[in-house]
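Beneath this line is the structure, given in structure tokens, with notes to follow.
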Amino acid sequence: MAKTTQRGQVIRRKARQVKVTTARAVKGAGRSARQVQVTLGDLIAAAFDTVGGEVKKVAQVVSSKDMTLATGKHIVFVG
């Protein structure tokens, strides 16, 4: 708290630091999410388990927009 006098009056001022509490809240929000390293082979094996034995459907799943958003990489099959 800071004291200042103005015409014989005592004024007490208290400043709130909002940035610190906001930064703490944002920092703690990412703790629940863990990063997991997954290889391309793991992704393809999981797609085969999910879709079945059809190679074209597996290629569609692995190269889809949703998979690109999830992994951060765009996977292209050439065949």
Side-chain angles (χ1 to χ4, degrees):
M1 276 197 247
K3 282 187 188 180
T4 59
T5 58
Q6 185 179 27
R7 295 185 205 158
Q9 297 176 348
V10 176
I11 301 171
R12 294 181 183 253
R13 293 184 182 148
K14 184 177 180 182
R16 286 184 50 200
Q17 294 182 353
V18 180
K19 287 184 180 180
V20 175
T21 56
T22 306
R24 255 189 240 138
V26 170
K27 184 179 178 183
R31 289 182 185 169
S32 62
R34 294 184 318 169
Q35 284 187 345
V36 179
Q37 288 187 344
V38 180
T39 63
L40 180 60
D42 293 338
L43 286 176
I44 293 172
F48 267 110
D49 289 342
T50 305
V51 175
E54 297 182 35
V55 177
K56 287 185 179 181
K57 286 187 178 181
V58 169
Q60 286 178 348
V61 168
V62 175
S63 63
S64 67
K65 288 183 181 180
D66 293 330
M67 188 66 76
T68 301
L69 290 175
T71 59
K73 305 285 182 184
H74 183 67
I75 302 169
V76 179
F77 285 96
V78 179

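These numbers were taken from a predicted model, which means no experiment stands behind them. Residue numbers start at 1 and run along the sequence shown.
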In residues 65-79, what donor-acceptor pairs under 3.5 Å come from side-chain atoms, sequence neighbours left out?
unit_1: T68; atom_1: OG1; unit_2: S64; atom_2: O; d: 3.0
unit_1: T68; atom_1: OG1; unit_2: H74; atom_2: ND1; d: 3.3
unit_1: T71; atom_1: OG1; unit_2: M67; atom_2: O; d: 2.8
unit_1: T71; atom_1: OG1; unit_2: K73; atom_2: N; d: 3.3
unit_1: T71; atom_1: OG1; unit_2: K73; atom_2: O; d: 3.1

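Here the shortest heavy-atom pairing between V51 and V61 reads CG2-CG2, 3.5 Å. Nearest heavy-atom pair across V62 and L43 is CG2-O, 4.4 Å.
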